[in-house]
Participant: 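Please find one structure pasted underneath; my questions will follow.
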Amino acid sequence: MQEFVERIRRVVAQHSGLAPAEIKIESPRESTHGDLAFPCFQLAKTQRQPPPAAAVKLAQAIAGELAGIAVVAAGPYVNFRIDRTALAQSVLGSISRRGARYGGSEEGAGQTIVLDYSSPNIGKPMHVGHIRSTIIGAALHRIFGFLGYRAVGINHLGDFGSQFGGLIVARELRRDVDLERDPVHGLLTLYQWSKEQIATDQEFAKNAAISNAVVSGVLLPAAAPLARRHDLETQAWIRTVSLDGFMRTYRRLGIEHDLIRGESYYEPFLKGTIERIEAAGVTEVSDGALVVQLGSLDKGLEKTPCLLRQSNGMTLYATRDLAALFHRWEEFHFARCLYVVGSEQKLHFRQLKAVLRRMGCDWEPKVEHVDFGLLLGPGRVKLASRKGEVLVLDDLLDEVVAEARTIIEEKNPALANKERIAEQVGIGALVFNDLKRERIKDVVFDKAEILAFEGETGPYVQYTHARLASILRKADEAGGEGAAPDWARLEDAAPILLALGRFPGVVASAAANSEPSELAQYLLALCRTLSTWLVEHRVLAEEPELRAARLLLVRGAEAVLANGLTLLGVAAPAEM
RNA sequence: GCGCCCGUAGCUCAGCUGGACAGAGCAUCGGAUUUCUAAUCCGACGGUCCCAGGUUCGAGUCCUGGCGGGCGCGCCA
């Protein structure tokens, strides 16, 4: 596909005097106009003639030089229509050559992209609020890998916070809570109970504070009361149990990280980080706290300096993130470092970048906050992790899989591997649902929407894929006849061929914009085109040459859907 | 108050980074299955693209100012 665009661009450049880069070739909305189009408004201006005249002149000039492409001037546009045989051979040929790698490239060869995503807090269950960072980040991780980048996914666990003190004490007092069998709900129980106790029980609150000081390194274990000296062990144990729970959830969701590095990992670097920033001469002391003033670089940050150290000596979120950032830069020399974190933290990342700029780090533009909108509860209120309101992620997964199971029982009771497919379809619905909208849009958590498997959903794409896979399976069973495909008879499938040809560009654009929704939207549109075609055309029952051509088309479409779904983290079962 | 984001059909959203008559899904109504999966498809209904200016041959898309909603704003993360 891209080869046609390049050829057109080259020829237009020769005859217009415009640089190839500034020649925008677009795909007309209305298919009757052609497959590709070049608007002549700019050109008309430089040639000092009306656009339609420029279009006619250009069309006449280049018509002979584009073999296999019909050139027609239509009003102010020059439209191009690619010969169907050439189109089919080019698109289906490159899909069959590249197979599962079709859509990928080597554009990222030799470059590293660091992605920070998911990053839940140890000691608390993963709830629905973590789902967006996790799913969007993991999708981007796969997409960059597909484009040849070395993608490094980091899980920046929140294992440093003040939630530990209460949990440690609660753990000791509530041995009745079973953390072995069900760590997720067990920890949730302990967490909620400890918050209650801190509010109501002074003795508990005091012990929690001491424990917190011990695990935060403020109070040496040797100096702590006898009862609190094992806190580091308990903390490590909670971390393990908690992480086990996360890993179980990640496995179900198909989430992978390359590195699990919590905030505590960077603790040894905090001192050096502060010294480094001080050495750059950008710090000052304000009300006893160490800060970097940022107003000189960014007027909007005048009243919000970056705090590096509290007046009590403790470091802050920003300090740890800066330590991590320096560490990552030195380790990877990344081409981009993406933080997949909610938009409510925009100020924080703006501050970090401003600190880097003040320090003269020229790699500051490579650091990007890939922000996404809020997950809102019913009634558009912020979904807080307040007690009672937490919806544990695993419970949601169970629910969506149960729904898939019910629907399979209703639609396809004879299916083999029902349980496995239910898992794939249910999880697929959930994952796709989070990727189909533009990142920045707020999402109202609506269980009914997640459980709906019709319309613009993951199961719709999976279903379309399964129908194609079914045709291919039956073709294999019937045995292959070696008829030569009659490409010219794929005329009625031109919209599909054009869409399949666009796939690599869509993947590249989704990566460039860190926007998986571009890929999700593309897949939905492709499925609509395919579904319409499928009701009007047969494949297996046709005469050999037509059958062969359509089989190649189906094979190509199946591959693109499978590749696209896989990139998003949605399974592509052959039957459902 | 200041900073940033969002505003397209009753609802949820696309709209290829400024191009041809603004498109889907859901909901409502009406159709399609002796034939490769009806989790599908076709049709109908539904729009002052929040408002007002501006830039441009051309604006849903860019700029300015409003209006409405959201998020954030020094010792939490």
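Every chain is numbered from 1 and lettered A, B, ... according to where its sequence line falls, protein lines coming before strand lines.
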Participant: Has Lys411(A) got a side-chain N or O lying under 4.0 Å from the OP1 or OP2 atom of U40(B)?
Facilitator: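 So the side-chain polar atoms of Lys411(A) never come under 4.0 Å of the phosphate oxygens OP1 or OP2 of U40(B).
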Participant: Contact class for Arg473(A) (heavy atom, under 4.0 Å): base, sugar-phosphate, or nothing?
Facilitator: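 Nothing: the residue Arg473(A), judged by heavy atoms under 4.0 Å, touches no strand.
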Participant: G47(B) pairs with which nucleotide, Watson-Crick or G-U wobble, both distances below 3.5 Å?
Facilitator: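 Answer to the pairing question: none, since G47(B) forms no Watson-Crick or G-U pair.
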Participant: Once you apply a heavy-atom cut-off of 4.0 Å, does Leu524(A) come out as touching a base, just sugar-phosphate, or nothing?
Facilitator: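 No contact.
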Participant: After noting the C-alpha distance and the side-chain angles of Asp159(A) and Ser264(A), does the key distance pass the side-chain hydrogen bond (donor to acceptor under 3.5 Å, both in side chains) rule?
Facilitator: CA-CA 6 Å; Asp159(A) 57 0; Ser264(A) 61; 2.7 Å; yes
Participant: Does any nucleotide pair with G1(B) by Watson-Crick or G-U wobble geometry, both distances under 3.5 Å, and what is it?
Facilitator: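 Check on G1(B): paired to C73(B), both distances under 3.5 Å.
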Participant: Measure CG/Leu534(A) against C1'/U35(B) and give the value in whole Å, please.
Facilitator: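 Whole-Å distance recorded here is 13 Å.
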Participant: Contact class for Asp287(A) (heavy atom, under 4.0 Å): base, sugar-phosphate, or nothing?
Facilitator: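 If one applies the 4.0 Å heavy-atom cut-off, Asp287(A) turns out to touch a base.
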Participant: On the nucleotide C5(B), are OP1 or OP2 found under 4.0 Å from the side-chain N or O atoms that Lys346(A) carries?
Facilitator: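 Indeed not, no polar side-chain atom of Lys346(A) lies that close.
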Participant: Treating Glu403(A) as the side-chain partner and Gly426(A) as the backbone partner, does any N or O pair qualify as donor plus acceptor under 3.5 Å?
Facilitator: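 No: the side chain of Glu403(A) does not pair with the backbone of Gly426(A).
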Participant: A20(B), U12(B), U56(B): which one has an atom nearest the side-chain heavy atoms of Lys45(A)?
Facilitator: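 Looking only at heavy atoms from C-beta outward on Lys45(A), the closest nucleotide is U56(B).
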Participant: So what does Met576(A) hit on the nucleic acid, given a heavy-atom distance under 4.0 Å: a base, only sugar-phosphate, or nothing?
Facilitator: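 If one applies the 4.0 Å heavy-atom cut-off, Met576(A) turns out to touch a base.
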Participant: Is any side-chain nitrogen or oxygen of Gln310(A) closer than 4.0 Å to OP1 or OP2 of C76(B)?
Facilitator: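 It does, given that an N or O in the side chain of Gln310(A) lies less than 4.0 Å from OP1 or OP2 of C76(B).
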Participant: Using whole Å, what does the distance between atom P of nucleotide C71(B) and atom CD of Gln345(A) come to?
Facilitator: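 Going from Gln345(A) (CD) to C71(B) (P), I get 15 Å.
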Participant: Between Arg320(A) and A77(B), is there a side-chain N or O to OP1/OP2 distance below 4.0 Å?
Facilitator: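 For Arg320(A), the contact criterion (side-chain N or O under 4.0 Å from OP1 or OP2 of A77(B)) is met.
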Participant: Does the structure show a Watson-Crick or G-U wobble partner for G60(B), both distances under 3.5 Å? Name it, or say none.
Facilitator: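 Because no pair has both required distances under 3.5 Å, G60(B) counts as unpaired.
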Participant: Hey, is the side chain of Lys24(A) poking within less than 4.0 Å of OP1 or OP2 on U17(B), counting only N and O atoms?
Facilitator: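 Checking U17(B) against Lys24(A), a side-chain N or O does come within under 4.0 Å of OP1 or OP2.
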Participant: To the nearest Å, give me how far apart CD1 (Ile471(A)) and P (U37(B)) are.
Facilitator: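 Value for this atom pair: 7 Å.
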Participant: Closest approach to the side chain of Glu456(A), judged atom by atom: which nucleotide of C13(B), G25(B), G70(B) is it?
Facilitator: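 Of the candidates, G25(B) comes closest.
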Participant: Is the distance between the ring centroids of Tyr266(A) and His156(A) under 6.0 Å?
Facilitator: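 Centroid separation for Tyr266(A) and His156(A): below 6.0 Å.
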Participant: Side-chain N or O of Thr304(A) less than 4.0 angstrom from OP1 or OP2 on G72(B)?
Facilitator: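 So the side-chain polar atoms of Thr304(A) never come under 4.0 Å of the phosphate oxygens OP1 or OP2 of G72(B).
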Participant: Considering every strand and a 4.0 Å limit on heavy-atom distances, what is the contact class for Asn433(A): base, sugar-phosphate, or nothing?
Facilitator: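 No contact.
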Participant: For the backbone of Glu542(A) and the side chain of Arg547(A), can you confirm whether one donor and one acceptor N or O come within less than 3.5 Å of each other?
Facilitator: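 Flag not set: sc Arg547(A) to bb Glu542(A) has no pair under 3.5 Å.
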Participant: Counting Watson-Crick and G-U wobble pairs only, both distances under 3.5 Å, name the nucleotide matched with C21(B), or none.
Facilitator: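 Looking at the geometry, C21(B) pairs with no nucleotide.
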Participant: Could you please name the option among C13(B), C36(B), U40(B) that lies closest to any side-chain atom of Tyr463(A)?
Facilitator: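 For Tyr463(A), the side-chain atoms sit closest to U40(B).
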Participant: Across all strands, who's sitting opposite A39(B) as a Watson-Crick or G-U wobble pair, both distances under 3.5 Å?
Facilitator: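 The answer is none; no pair meets the criterion.
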Participant: Any side-chain N or O of Lys441(A) under 4.0 Å from OP1/OP2 of A14(B)?
Facilitator: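 For Lys441(A), the contact criterion (side-chain N or O under 4.0 Å from OP1 or OP2 of A14(B)) is met.
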Participant: Using a 4.0 Å heavy-atom cut-off across all strands, classify Thr532(A) as base, sugar-phosphate, or nothing.
Facilitator: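 Counting heavy atoms under 4.0 Å across all strands, the contact made by Thr532(A) is with sugar-phosphate only.
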Participant: Hey, does Ala452(A) reach any base, or is it just sugar-phosphate, or nothing, if we go heavy atoms under 4.0 Å?
Facilitator: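 Nothing: the residue Ala452(A), judged by heavy atoms under 4.0 Å, touches no strand.
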Participant: Where is the tightest heavy-atom contact between Ile122(A) and Phe164(A), given as atom of each residue plus distance?
Facilitator: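 Minimum heavy-atom contact is CG2-CZ, 3.4 Å.
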Participant: Please compare Pro39(A) and Tyr317(A) by the position of their nearest nucleotide in RNA chain B and report the one closer to 5'.
Facilitator: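 The residue mapped nearer the 5' terminus is Pro39(A).
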Participant: Closer than 3.5 angstrom, by distance alone: can the side chain of Arg132(A) be matched with the main-chain N or O of Gly373(A) as a donor-acceptor pair?
Facilitator: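 Yes; judged by distance alone, with no hydrogens or angles, the pair exists.
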Participant: Take the protein atom CZ of Phe349(A) and the nucleotide atom C1' of A77(B), then report the distance between them rounded to whole Å.
Facilitator: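 It works out to 11 Å between those atoms.
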Participant: Given A20(B), U37(B), U40(B), identify the nucleotide with an atom nearest to the side chain of Ala466(A).
Facilitator: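 Closest of the options to the side chain of Ala466(A): U37(B).
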Participant: Base, sugar-phosphate, or nothing for Val539(A), non-hydrogen atoms under 4.0 angstrom?
Facilitator: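 Here Val539(A) touches the bases of the nucleic acid.
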Participant: Counting the atoms with a prime plus P, OP1 and OP2 as sugar-phosphate, which does Ser27(A) contact under 4.0 Å by heavy atoms, base, sugar-phosphate, or nothing?
Facilitator: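 The answer is base, as Ser27(A) lies within the cut-off (heavy atoms under 4.0 Å) of a base atom.
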Participant: According to a strict under-4.0 Å criterion, is Arg29(A) in side-chain N/O contact with OP1 or OP2 of A20(B)?
Facilitator: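 The answer is yes; a side-chain N or O of Arg29(A) sits under 4.0 Å from OP1 or OP2.
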Participant: Distance-only, no hydrogens or angles: does the Ser517(A) side chain make a donor-acceptor pair with backbone N or O of Ala520(A) under 3.5 Å?
Facilitator: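 Here the side-chain-to-backbone pair does not exist.
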Participant: Can you check the Leu301(A) CG to G72(B) C1' distance for me, whole Å?
Facilitator: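 It is 12 Å, rounded to the nearest whole Å.
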Participant: Considering Watson-Crick and G-U wobble pairs with both distances under 3.5 Å, what does C26(B) pair with?
Facilitator: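 The base-pairing partner of C26(B), which may sit in any strand shown, is G10(B).
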Participant: Regarding Arg538(A), tell me which of base, sugar-phosphate or nothing describes its non-hydrogen contacts under 4.0 Å with the strands shown.
Facilitator: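 Base: the residue Arg538(A), judged by heavy atoms under 4.0 Å, touches a nucleobase.
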Participant: Given G72(B), A20(B), C41(B), which nucleotide is nearest the side-chain atoms of Glu344(A)?
Facilitator: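 Minimum distance to the Glu344(A) side chain belongs to G72(B).
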Participant: Assign Gln462(A) to base, sugar-phosphate, or nothing according to its heavy-atom contacts below 4.0 angstrom with the strands shown.
Facilitator: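 Gln462(A): no heavy atom of the nucleic acid under 4.0 Å.
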Participant: Which residue, Thr457(A) or His33(A), contacts RNA chain B at a nucleotide closer to its 5' end, judged by nearest heavy atom?
Facilitator: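 Closest to the 5' end, via its nearest nucleotide, is His33(A).
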Participant: Does A77(B) have OP1 or OP2 under 4.0 Å away from a side-chain N or O of Tyr339(A)?
Facilitator: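 Looking at the OP1 and OP2 atoms of A77(B), neither is under 4.0 Å from any side-chain N or O of Tyr339(A).
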Participant: Using a heavy-atom cut-off of 4.0 Å across all strands, would you classify Ala574(A) as base, sugar-phosphate, or nothing?
Facilitator: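 Contact class for Ala574(A): base.
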Participant: At under 4.0 Å between heavy atoms, what does Leu316(A) touch on the DNA or RNA strands: base, sugar-phosphate, or nothing?
Facilitator: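 If one applies the 4.0 Å heavy-atom cut-off, Leu316(A) turns out to touch the sugar-phosphate alone, with no base involved.
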Participant: Take atom CG of Asp298(A) and atom C1' of G3(B), then tell me their distance rounded to the nearest Å.
Facilitator: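 Distance, rounded to whole Å: 9 Å.
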Participant: Between Glu26(A) (CD) and A20(B) (P), how many Å, whole number?
Facilitator: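 Those two atoms, CD and P, are 7 Å apart.
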Participant: Using a heavy-atom cut-off of 4.0 Å across all strands, would you classify Phe41(A) as base, sugar-phosphate, or nothing?
Facilitator: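 Answer is base: heavy atoms of Phe41(A) come under 4.0 Å of a base.
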Participant: Quick check on G74(B): is either OP1 or OP2 less than 4.0 Å from any side-chain nitrogen or oxygen of Arg309(A)?
Facilitator: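 No, Arg309(A) has no side-chain N/O under 4.0 Å of OP1/OP2 on G74(B).
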Participant: Between G74(B) atom P and Leu347(A) atom CG, what is the distance in whole Å?
Facilitator: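 For the pair Leu347(A) CG and G74(B) P, the rounded distance is 9 Å.
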Participant: Given 3.5 Å as the limit, does a donor-acceptor pair link the side chain of Asn433(A) with the main chain of Ile450(A), or not?
Facilitator: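 It does not hold such a pair.
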Participant: Answer yes or no: is there a donor N or O on one side and an acceptor on the other, between the side chain of Lys436(A) and the main chain of Glu456(A), under 3.5 Å?
Facilitator: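 At least one qualifying donor-acceptor pair exists.
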Participant: Taking only the side-chain heavy atoms of Lys474(A) (C-beta and beyond), determine which of C36(B), C75(B), C13(B) contains the nearest atom.
Facilitator: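 Nearest listed nucleotide: C36(B).
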